[in-house]
Engineer: 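A single structure is presented below for examination.
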Amino acid sequence: MFFYKTLHEEILRGINESLFAVEGNFDVILNETKKEFEGHVTFVVFPLVKQAGKSPEVIGETLGNWLINNSTIVEKYNVVKGFLNLSLKDSFWLEAFSKIQQKEYFSSRKPTGEKVLVEYSSPNTNKPLHLGHIRNILLGWSVSKILEFEGNEVVTTQVINDRGIAICKSMLAWKKWGEGKTPETTGIKGDHFVGDFYVKFEQEFVKEYTAFSESEEGGKIYLGQKKENQEKTDFFKVFKNTYFNEFSPLGAEARNMLLEWEAGANDTIQLWKQMNGWVYEGFDTTYKTLGVSFDSVYYESETYILGKKVVEEGLVKGVFYRLPDSSVWIDLEDAGMDKKIVLRSDGTSVYITQDIGTAIKRYEDFGAKKMIYTVADEQDYHFKVLFEIAKRLGEPFADGLFHLSYGMVDLPTGKMKSREGTVVDADDLIAEVISEAKLNAGERGELAHMTVEEQENIFYKIGLGAIKFFIIKVQPQKRMIFDPKESVDMQGATGPYIQNAFVIIQSLFRKSDSATQNKTFMLPETLNEGEKTLIQLLMSFPEVISNAAKQYEPSGVANYAYTLAKEFHKYYHETRILSAETASLIDFRLSLSKEVANALQTSLNLLGIEMPDRM
RNA sequence: GGCUCCGUAGCUCAGCUGGAUAGAGCAACUGCCUUCUAAGCAGUAGGUCUCUGGUUCGAAUCCAGACGGAGUCACCA
């Protein structure tokens with residue numbers, strides 16, 4: 001609120017001189033005046049009532065009067081109940097505007113010297129990315145951009161779950177039914193290709209399981225193990241996992257493959273590398289389309305051993321303890337959590353062990369004392385435990401760990417379920433929203449003169465702007481309902497609405513007389529309310545970004561950009577810009593528009609959204 | 001059951017470091033393109049901010065409890 005520093009001081013002086021002596025540091029809190037009242041800034045006088053010994057109205061009048069006579073900024077005031085509404089002089093707005101025009105205003109802040117690592121995406125390699133990943137990726141990316149803007153040195157990273165039974169299922173299915181096909185020979189994107197074999201495995205497994213449940217052997221098991229009054233279909237719903245592990249030939253083959261992988265069997269490792277390679281190619285395409293990138297990547301197949309050494313050291317320090325069956329634990333009950341296993345009795349590591357190891361490895365690699373994990377809220381407890389363990393191990397980064405938790409994405413029909421085929425695929429969604437942008441643009445005809453390539457680029461920016469804004473405007477901690485129909489909508493509070501405000505401004509500059517552009521203009525003597533509102537919004541830009549950085553929360557930036565775009569649309573409608581009364585007024589309005597465009601573009605860039613020049 | 005998160009208009013969401021008569025968008029209805037891009041603007045209608053208590057001059061916002069929804073409490077990840 002550095003624009004209001006002088007006003008703060010003046011109000012404080014006013015209280016001292018017209019009401020009573022202020023003791024200590026009294027906090028003058030200013031609010032923006034609500035639209036339905038006259039004024040720009042409101043000072044609430046209720047907190048002064050007791051000390052002043054006067055009614056709120058009298059205090060407001062007294063202070064307002066004092067400001068009229070002594071303030072360099074306040075032009076008018078009015079008092080409504082305990083609210084002192086202040087109208088500020090045009091000179092104040094113009095001075096503020098000249099600060100906004102300085103180059104640094106929309107550039108990233110001076111380096112803080114702080115290094116921050118941001119983890120996001122972190123998928124499994126057995127299926128393509130879906131809507132849930134998109135929310136994760138957009139959040140993580142946006143937070144990394146915002147932190148970077150605030151002067152932090154940011155390292156983006158992910159840890160890929162590239163091992164385990166899931167990928168073995170895909171591998172087995174490909175081996176059995178793949179007929180040597182590849183993404184190249186089929187023209188299917190690599191991650192989808194591998195995902196299709198995962199689905200194929202499940203289909204074959206279900207066939208096998210159905211046959212089993214109808215067989216004589218299955219019948220015996222049902223009769224022998226069923227609970228009282230349990231229907232056969234209900235029993236076999238629950239029994240599926242046990243069947244996979246204890247009876248299924250396919251299950252046995254898949255598990256055998258996992259054992260071979262762990263033993264380092266050559267053929268299996270080759271196949272594993274081959275299939276994961278296809279998946280990574282597919283992921284890379286999607287990441288590229290989404291406009292995100294990673295400075296580093298960790299693989300669970302490499303990091304899962306890392307934690308073990310740490311556990312051994314922690315045992316010596318007494319942070320962990322070993323049970324007779326040789327499993328290793330940590331007792332977090334005094335911190336309000338449970339006991340947690342960190343090494344299995346067979347000496348292998350569990351999920352959290354890897355995470356401890358990975359965190360330490362990352363600290364060795366990058367020396368970032370702040371690490372942010374973008375992971376869905378189903379893992380809230382996991383990260384609470386992880387961070388507590390880091391603390392007890394005395395890791396230097398333990399206090400800088402943050403779980404950027406976000407709610408799951410639901411569909412209007414309910415939860416996304418891969419088994420029921422209701423998962424929204426990332427690539428499909430992106431394609432859909434781009435073609436919707438194309439459809440809309442076709443109706444408008446603004447782009448008719450451009451080459452196909454230029455047009456495609458614009459549809460892409462608009463489509464991605466729509467989807468990204470739609471997801472990022474919702475606060476992370478809230479579960480969100482994703483309506484595919486709404487997400488491709490480009491009217492109202494959407495990415496394209498904001499892009500449109502930007503595009504209109506670009507058009508103004510194209511149409512304005514180039515001789516008058518960027519010339520130093522005479523400041524107009526009077527500003528209209530729309531101009532003051534825009535300047536006031538531009539003034540709050542730094543605060544919006546720094547709040548987003550402090551809270552690791554980009555939704556405020558999205559909402560800010562929308563508010564600003566809305567005010568601009570309104571201003572544009574009410575105020576003539578290119579045909580203003582004087583040349584200098586034209587210049588001023590163009591300059592103001594330009595700063596609005598800067599604010600919109602900078603804000604949306606921090607959300608990973610690009611601006612088209614036309615649409 | 002313990003813990004965590006969520007509950008605001010028909011729907012999707014803002015507002016939450018306490019301030020005025022709780023705001024947008026969508027959907028519905030009315031106007032506005034011979035004037036700078038109508039992906040726009042203006043308007044009508046829509047509310048017991050889940051409920052109950054507490055703190056306060058003042059509570060959607062803070063605290064406690066209840067109700068409803070979700071998640072989690074694995075030698076899964």
Side-chain angles (χ1 to χ4, degrees), chain A residues 29 31 33-37 42 44-47 49-50 56 80-83 85 122 124 161 163-166 300 304 323 325 327-329 336-338 340-352 354-355 376-382 384-385 405 407-408 410 412 415 437 440-441 443-446 462 466 470 473-475 477-483 485-487 489-501 503-512 547 555-556 558-559 562-563 565-566 569-580 586 589-590 593 614-615:
Chain A
I29 296 168
N31 296 301
T33 305
K34 298 194 75 171
K35 271 185 185 162
E36 56 267 42
F37 299 96
T42 295
V44 183
V45 305
F46 288 113
V49 169
K50 216 173 256 179
V80 181
K81 290 190 272 181
F83 300 88
N85 300 320
S122 299
N124 296 344
N161 178 15
R163 68 192 183 106
I165 192 71
E300 280 192 7
Y304 80 109
L323 286 185
D325 71 356
S327 60
V328 179
W329 296 72
M337 289 170 256
D338 299 322
K340 179 79 190 174
I341 192 164
V342 292
L343 280 185
R344 295 191 189 102
S345 47
D346 64 4
T348 57
S349 65
V350 295
Y351 178 48
I352 201 150
Q354 299 168 29
D355 274 359
D377 63 3
E378 59 186 350
Q379 294 193 37
D380 284 356
Y381 180 71
H382 170 78
K384 223 178 138 194
V385 170
S405 169
M408 300 289 207
D410 291 326
K415 286 175 74 163
N440 289 346
E443 286 170 12
R444 289 159 60 83
E446 288 281 345
I462 295 172
F470 186 83
K473 71 173 181 184
V474 180
Q475 294 173 341
Q477 73 270 24
K478 294 202 178 174
R479 223 182 153 90
M480 67 177 287
I481 296 178
F482 183 91
D483 188 337
K485 279 201 295 284
E486 253 179 71
S487 71
D489 192 6
M490 306 194 175
Q491 327 287 329
T494 63
Y497 174 91
I498 298 165
Q499 290 171 324
N500 188 230
V503 162
I504 288 171
I505 296 168
Q506 303 317 302
S507 171
L508 285 175
F509 273 88
R510 279 193 299 269
K511 291 195 172 151
S512 69
N547 280 342
S555 73
N559 288 305
Y562 172 65
T563 308
K566 193 173 160 62
H569 273 300
K570 184 180 162 142
Y571 174 72
Y572 175 77
H573 194 261
E574 288 171 351
T575 311
R576 285 173 302 152
I577 295 172
L578 294 179
S579 52
I586 293 172
R589 288 180 177 169
L590 275 173
S593 302
R614 300 169 196 264
M615 62 194 288

Engineer: Less than 4.0 angstrom between a side-chain N/O of A/Tyr497 and OP1 or OP2 of B/rC41, yes or no?
Structural biologist: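 Looking at the OP1 and OP2 atoms of B/rC41, one of them is under 4.0 Å from a side-chain N or O of A/Tyr497.
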
Engineer: How do A/Ser345 and A/Thr33 order along RNA chain B: which one's closest nucleotide is nearer the 5' end?
Structural biologist: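 Going by which nucleotide is closer to the 5' end, it is A/Thr33.
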
Engineer: What is the separation between atom CZ on A/Arg163 and atom P on B/rA77, rounded to the nearest whole Å?
Structural biologist: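 Distance check: A/Arg163 CZ to B/rA77 P gives 7 Å.
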
Engineer: Between A/Asp325 and A/Ser345, what is the shortest heavy-atom contact and its length?
Structural biologist: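 Smallest heavy-atom distance, with atoms named: O-CB, 3.2 Å.
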
Engineer: By the 4.0 Å heavy-atom rule, please label A/Pro56 as base, sugar-phosphate, or nothing.
Structural biologist: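 Since no nucleic acid heavy atom lies under 4.0 Å of A/Pro56, the category is nothing.
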
Engineer: To the nearest Å, give me how far apart OH (A/Tyr562) and C1' (B/rG25) are.
Structural biologist: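 Between C1' of B/rG25 and OH of A/Tyr562: 5 Å.
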
Engineer: Is there a side-chain polar atom (N or O) of A/Arg344 under 4.0 Å from OP1 or OP2 of B/rC76?
Structural biologist: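 Indeed, a polar side-chain atom of A/Arg344 lies that close.
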
Engineer: By nearest atom, which of the nucleotides B/rA77, B/rA20, B/rU12 is closest to the A/Glu300 side chain?
Structural biologist: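 Nearest listed nucleotide: B/rA77.
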
Engineer: Between B/rC41, B/rU37, B/rA14, which nucleotide gets closest to the side-chain atoms of A/Glu446?
Structural biologist: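 Nearest to the side chain of A/Glu446 among the choices is B/rU37.
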
Engineer: A/Asn124 or A/Glu378: which one's nearest nucleotide on RNA chain B is closer to the 5' end?
Structural biologist: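 With A/Asn124 and A/Glu378 compared, the 5'-side residue is A/Glu378.
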
Engineer: Between B/rU4 atom C1' and A/Lys384 atom NZ, what is the distance in whole Å?
Structural biologist: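 Value for this atom pair: 7 Å.
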
Engineer: Side-chain N or O of A/Lys473 less than 4.0 angstrom from OP1 or OP2 on B/rU12?
Structural biologist: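 No, because none of the side-chain N or O atoms of A/Lys473 sits under 4.0 Å from OP1 or OP2 of B/rU12.
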
Engineer: What are the two closest non-hydrogen atoms of A/His382 and A/Asp355, and how far apart are they?
Structural biologist: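 That would be NE2-OD2, 2.8 Å.
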
Engineer: For the side chain of A/His573, counting heavy atoms from C-beta on, which of B/rC26, B/rG40, B/rU4 is nearest?
Structural biologist: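 Minimum distance to the A/His573 side chain belongs to B/rG40.
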
Engineer: Could you tell me how far apart A/Gln475 (CD) and B/rU61 (C1') are, to the nearest whole angstrom?
Structural biologist: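 Distance, rounded to whole Å: 12 Å.
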
Engineer: Picking from B/rU37, B/rC26, B/rU12, which would you name as closest to the side chain of A/Gln491?
Structural biologist: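 The answer is B/rC26.
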
Engineer: What interatomic distance, in whole Å, is found between P of B/rC41 and the corresponding atom of B/rG25?
Structural biologist: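 Rounded to whole Å, the distance is 8 Å.
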
Engineer: Rounded to whole angstrom, note down the C1' distance from B/rG47 over to B/rC11.
Structural biologist: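 My reading of the C1' atoms in B/rG47 and B/rC11 gives 15 Å.
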
Engineer: Given B/rU37, B/rU72, B/rC41, which nucleotide is nearest the side-chain atoms of A/Lys566?
Structural biologist: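 Nucleotide nearest to A/Lys566's side chain: B/rC41.
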
Engineer: Between A/Ser507 and A/Val503, is there a donor-acceptor pair closer than 3.5 Å when you use the side chain of the first and the backbone of the second?
Structural biologist: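 Not a single qualifying donor-acceptor pair exists.
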
Engineer: Can you find a side chain N or O atom of A/Arg479 that sits less than 4.0 Å from OP1 or OP2 on B/rU4?
Structural biologist: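 No, A/Arg479 has no side-chain N/O under 4.0 Å of OP1/OP2 on B/rU4.
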
Engineer: If you check every side-chain atom of A/Phe46, which of B/rG40, B/rG19, B/rC75 has the closest atom?
Structural biologist: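 For A/Phe46, the side-chain atoms sit closest to B/rG19.
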
Engineer: Using whole Å, report how far CD of A/Gln379 lies from P of B/rC76.
Structural biologist: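 Atom-to-atom, A/Gln379 to B/rC76, this comes out as 15 Å.
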
Engineer: Ignoring the backbone of A/Lys415, work out which of B/rG71, B/rU12, B/rA20 is nearest its side chain.
Structural biologist: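 The answer is B/rG71, which lies nearest to the side chain.
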
Engineer: If you measure from the C1' atom in B/rU12 to the same atom in B/rC57, how many Å do you get, rounded?
Structural biologist: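 One C1' to the other, the span is 37 Å.
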
Engineer: For a quick check of understanding: with a heavy-atom distance under 4.0 Å over all strands, which category does A/Asn85 fall into, base, sugar-phosphate or nothing?
Structural biologist: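 It contacts base atoms.
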
Engineer: Only one of A/Ile504, A/Thr494, A/Ile462 clears side-chain contact (heavy atoms from CB on, under 4.5 Å) with A/Gln499; which?
Structural biologist: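 It is A/Ile462, the one option of A/Ile504, A/Thr494, A/Ile462 that forms the side-chain contact (heavy atoms from CB on, under 4.5 Å) with A/Gln499.
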
Engineer: Give the rounded distance in Å between these two atoms: CD of A/Glu574 and P of B/rC41.
Structural biologist: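 It is 11 Å, rounded to the nearest whole Å.
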
Engineer: With C1' as the reference atom in both, quote the distance from B/rG18 to B/rU55 in angstrom, rounded to an integer.
Structural biologist: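 Each nucleotide's C1' atom is 11 Å from the other's.
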
Engineer: Should the side chain of A/Thr42 and the base of B/rA20 be counted as holding a donor-acceptor pair, with the cut-off at 3.5 Å?
Structural biologist: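 Under the 3.5 Å cut-off, the side chain and the base do form a donor-acceptor pair.
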
Engineer: So, is A/Lys35 near the phosphate of B/rG23, with a side-chain N or O under 4.0 Å from OP1 or OP2?
Structural biologist: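 Indeed not, no polar side-chain atom of A/Lys35 lies that close.
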
Engineer: Minimum heavy-atom separation for A/Ile341 and A/Val350, please, with both atom names.
Structural biologist: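 Minimum heavy-atom separation between A/Ile341 and A/Val350: O-CG2, 3.7 Å.
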
Engineer: Nearest 0.5 Å, please: how far is CG in A/Asn500 from CD1 in A/Ile505?
Structural biologist: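 Interatomic distance, A/Ile505 CD1 to A/Asn500 CG, rounded to 0.5 Å: 10.0 Å.
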
Engineer: Would you measure the distance from the C1' atom in B/rU48 across to the matching atom in B/rA9 and give it in whole Å?
Structural biologist: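 Between the two C1' atoms, the distance is 13 Å.
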
Engineer: For A/Asp483 and B/rG25, what is the distance between atoms CG and C1' respectively, to the nearest whole Å?
Structural biologist: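 From A/Asp483 CG to B/rG25 C1': 13 Å.
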
Engineer: Work out how far the P atom of B/rG2 is from that of B/rA14, and round it to whole angstrom.
Structural biologist: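 The same atom, P, in both gives a distance of 29 Å.
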
Engineer: When rounded to the nearest Å, what value does the distance between P atoms of B/rU21 and B/rU34 take?
Structural biologist: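 Each nucleotide's P atom is 43 Å from the other's.
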
Engineer: Verify the contact: side-chain N or O of A/Lys478 to OP1 or OP2 of B/rU12, cut-off strictly under 4.0 Å; return yes or no.
Structural biologist: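 Checking B/rU12 against A/Lys478, no side-chain N or O comes under 4.0 Å of OP1 or OP2.
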
Engineer: Consider the side chain of A/Val474, meaning its heavy atoms from C-beta on, and name the nucleotide among B/rU37, B/rA14, B/rA20 that approaches it most closely.
Structural biologist: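 Minimum distance to the A/Val474 side chain belongs to B/rA14.
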
Engineer: With the six-membered base ring of B/rA20 as reference, does the ring of A/Phe83 sit under 5.5 Å away with planes under 30° apart?
Structural biologist: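 One would call A/Phe83 stacked on the B/rA20 base.
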
Engineer: Heavy atoms from C-beta onward define the side chain here; which of B/rA20, B/rG71, B/rC36 lies closest to that of A/Lys34?
Structural biologist: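 Selected nucleotide: B/rA20.
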
Engineer: Is the shortest heavy-atom distance from the side chain of A/Gln354 to the side chain of A/Glu300 under 4.5 Å?
Structural biologist: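 Side-chain contact under 4.5 Å: yes.
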
Engineer: Measure up the A/Phe482 and A/Phe470 rings against each other and bin them: parallel (under 30°), tilted (30 to 60°), perpendicular (over 60°).
Structural biologist: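 Correct class here is perpendicular.
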
Engineer: I want to verify a distance call: between B/rG23, B/rC57, B/rG40, whose nearest atom is closest to the A/Lys50 side chain?
Structural biologist: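 Per side-chain heavy atoms of A/Lys50, the pick is B/rC57.
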
Engineer: Could you tell me how far apart A/Asn547 (CG) and B/rC16 (P) are, to the nearest whole angstrom?
Structural biologist: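 After rounding, the reported distance stands at 10 Å.
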
